[in-house]
Amino acid sequence: MGVDRECCCLNGLGRPSLSALVVVHDEERQLSECLACLGFADEIVVVLDRCNDRSREIAQRFTSRLLEGAWEREGARRHAGIDACSGDWILEIDADERVSPDLAVEIRDVVADSSAAWHLVPVDNYIGARLVRWGWGASFGRSAHAALFRKGAKRWGDQRIHPAVSLSGSRGTKLSAPIIHYVDRDISETLLRLDRYTSAHAEDLRESGDIGSYGHNLRRIASRFCKCYIGRKGYREGEWGFLIALCAALYPILSYLKARLDAHPPAAGVPPAPPCRERVGVGGRRQPSHSRPSDGKCGDGR
């Protein structure tokens, strides 16, 4: 798809127009603060993906441009929102991100004067109250991304997690003010996110028909750790940089192991697990053995 450089001027002022796009799934905790930062845009478009909380009610306070539906893949979900935007330029913001007043002014200036098709916007990532500037990358985080682009300049891939992004047209200067990103509330959330990401990536690997090899993914532990901790200067964050580098390093091998070992049917010729035997209780009465439903084994779990 080419880049549409015609100004639709939805703002009525004869200058390029800006749409702010927010894609959400059950984000009532953060959505209000996110949308409250976007009043500088000419329109706000909110995509509500299978929301079962108060996200719709909250979004209605800020915009009437709501799109509701159910999308399995992130790319399809985001393109539905992009298609619904009327602006010449689009700013993609997630519910856990905030646009500062300084960034809002800079974005409006860029939209007014830029001849490029897209711009990188830096990201300040927080874990709890801790700003972690260094070490992000390698599929577990990002220090900047193409959040500001002309409509038609950005295409999302079809992967379940970290879909590939293709950009057309010329790259503009990187903005200076950062997006504020509240990544996780604590380390437990970081580890839970690693579990979610690797499960989704494992599905992508299985679907592709090429999950890679055990040896290759073992080697990537060291290379990705060094890339984040040394190359991306995660060491400057001390223990926090180590945590980010460790998660990035484990991402490929955990994804591979889940694709290789999880969710596979029993091998041919392998009989099903035998039923649990009954135990004889007091007075000769038979009592069923207790088994753990998670693994289907007999016994009391000890």
Side-chain angles (χ1 to χ4, degrees), residues 74-75 92-98 103 118-148 154 156-157 159-167 171 174-205 208 210-262:
E74 182 177 353
E92 276 189 309
I93 292 292
D94 291 338
D96 58 2
E97 296 177 332
R98 309 287 183 267
L103 178 57
W118 55 277
H119 293 261
L120 288 175
V121 184
V123 180
D124 275 354
N125 296 288
Y126 285 82
I127 300 178
R130 169 69 187 224
L131 171 59
V132 182
R133 291 187 181 275
W134 301 94
W136 296 99
S139 299
F140 196 69
R142 53 193 182 181
S143 58
H145 66 104
L148 181 64
K154 186 175 185 178
W156 289 88
Q159 296 86 356
R160 288 177 175 82
I161 191 69
H162 301 308
V165 172
S166 60
L167 297 159
R171 171 179 171 174
K174 183 178 177 180
L175 277 63
S176 58
I179 292 171
I180 306 302
H181 183 202
Y182 296 107
V183 185
D184 298 308
R185 284 181 286 188
D186 51 33
I187 294 175
S188 293
E189 276 200 356
T190 299
L191 298 178
L192 289 171
R193 182 161 58 94
L194 177 63
D195 184 46
R196 293 195 310 272
Y197 281 10
T198 52
S199 293
H201 188 45
E203 289 292 324
D204 285 334
L205 291 175
S208 73
D210 181 13
I211 67 172
S213 70
Y214 180 52
H216 173 67
N217 283 289
L218 274 181
R219 292 190 294 272
R220 294 179 75 189
I221 296 175
S223 64
R224 287 170 64 96
F225 183 89
C226 290
K227 180 179 181 179
C228 290
Y229 195 68
I230 299 174
R232 299 180 187 271
K233 301 182 181 181
Y235 62 85
R236 296 181 62 171
E237 300 288 354
E239 293 94 335
W240 291 97
F242 177 85
L243 172 67
I244 298 303
L246 179 63
C247 290
L250 292 175
Y251 178 83
I253 187 63
L254 290 177
S255 300
Y256 165 81
L257 290 172
K258 289 183 179 184
R260 180 76 176 85
L261 303 177
D262 280 354

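For the numbers below, each heavy atom of this structure counts, side chains included, while hydrogens, waters and symmetry mates do not. Everything numeric here is computed off the predicted structure, so don't read it as measured data.
A donor-acceptor pair under 3.5 Å is formed between the side chain of Arg98 and the backbone N or O of Ala95. Under a 3.5 Å cut-off, the side chain of Asp184 and the backbone N or O of Asp186 do not form any donor-acceptor pair. In this structure, the side chain of Glu97 engages the main chain of Asp94 through a donor-acceptor pair within 3.5 Å.
Taking each heavy atom of Leu103 and Ala177 in turn, the nearest pair found is CD1-O, 3.3 Å. The two residues Ala202 and Ala259 have their closest heavy-atom pair at CB-N, 3.6 Å.
Under the side-chain hydrogen bond (donor to acceptor under 3.5 Å, both in side chains) criterion, Arg171 pairs with no residue at all, not counting sequence neighbours. In this structure, Gln159 has no side-chain hydrogen bond (donor to acceptor under 3.5 Å, both in side chains) partners at least two apart in sequence or on a different chain. For Trp156, the side-chain contact (heavy atoms from CB on, under 4.5 Å) partners are Glu74, Arg78, His79, Ile82, Glu92, Lys154, Pro163, Val165, not counting sequence neighbours. Partners of Leu192 by side-chain contact (heavy atoms from CB on, under 4.5 Å), not counting sequence neighbours, listed by chain and number: Arg196. With sequence neighbours excluded, no residue forms a side-chain hydrogen bond (donor to acceptor under 3.5 Å, both in side chains) with Ser166. By the side-chain contact (heavy atoms from CB on, under 4.5 Å) test, Ile230 is found to be paired with Cys226, residues two or more places apart in sequence or in another chain being considered. With sequence neighbours excluded, the residues forming a side-chain hydrogen bond (donor to acceptor under 3.5 Å, both in side chains) with Thr198 are Lys258, listed by chain and number. Qualifying ring-ring contact (aromatic ring centres under 6.0 Å, His included) partners for Phe225, counting only residues two or more places apart in sequence or in other chains: Tyr229, Phe242.
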Pair up each side-chain donor or acceptor in residues 120-128 with any protein partner under 3.5 Å, not counting sequence neighbours, and list the distances.
residue	atom	partner	partner atom	Å
Asp124	OD1	Arg133	NH1	3.0
Asn125	OD1	His181	ND1	2.9
Asn125	ND2	Arg142	O	3.0

Which atom pairs, one a donor and one an acceptor, fall under 3.5 Å between side chains of residues 211-223 and the rest of the protein, sequence neighbours left out?
residue	atom	partner	partner atom	Å
Ser213	OG	His216	N	3.1
Asn217	ND2	Ser213	O	2.9
Ser223	OG	Arg220	O	3.2

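With a 4.5 Å cut-off on side-chain heavy atoms, Tyr251 and Arg224 count as touching. Considering only heavy atoms from C-beta on, Arg260 stays 4.5 Å or farther from Leu205 through its side chain. The closest side-chain heavy-atom distance from Ser208 to Asp204 is not below 4.5 Å.
Annotation: the span from Cys247 atom SG to Leu254 atom CG amounts to 9.5 Å, rounded to 0.5 Å. Note that OG1 of Thr190 is 11.0 Å distant from CG of Leu246, once rounded to the nearest 0.5 Å. Between the CZ atom of Arg232 and the NZ atom of Lys227 there is a distance of 4.5 Å, given to the nearest 0.5 Å.
Here side-chain hydrogen bond (donor to acceptor under 3.5 Å, both in side chains) pairs that include residues 233-249, with residues two or more places apart or in two chains, are Arg130-Glu237.
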Next item on the list: Walk me through it: do Tyr197 and His162 pass the test ring-ring contact (aromatic ring centres under 6.0 Å, His included)?
Entry: CA-CA 9 Å; Tyr197 281 10; His162 301 308; 4.9 Å; yes
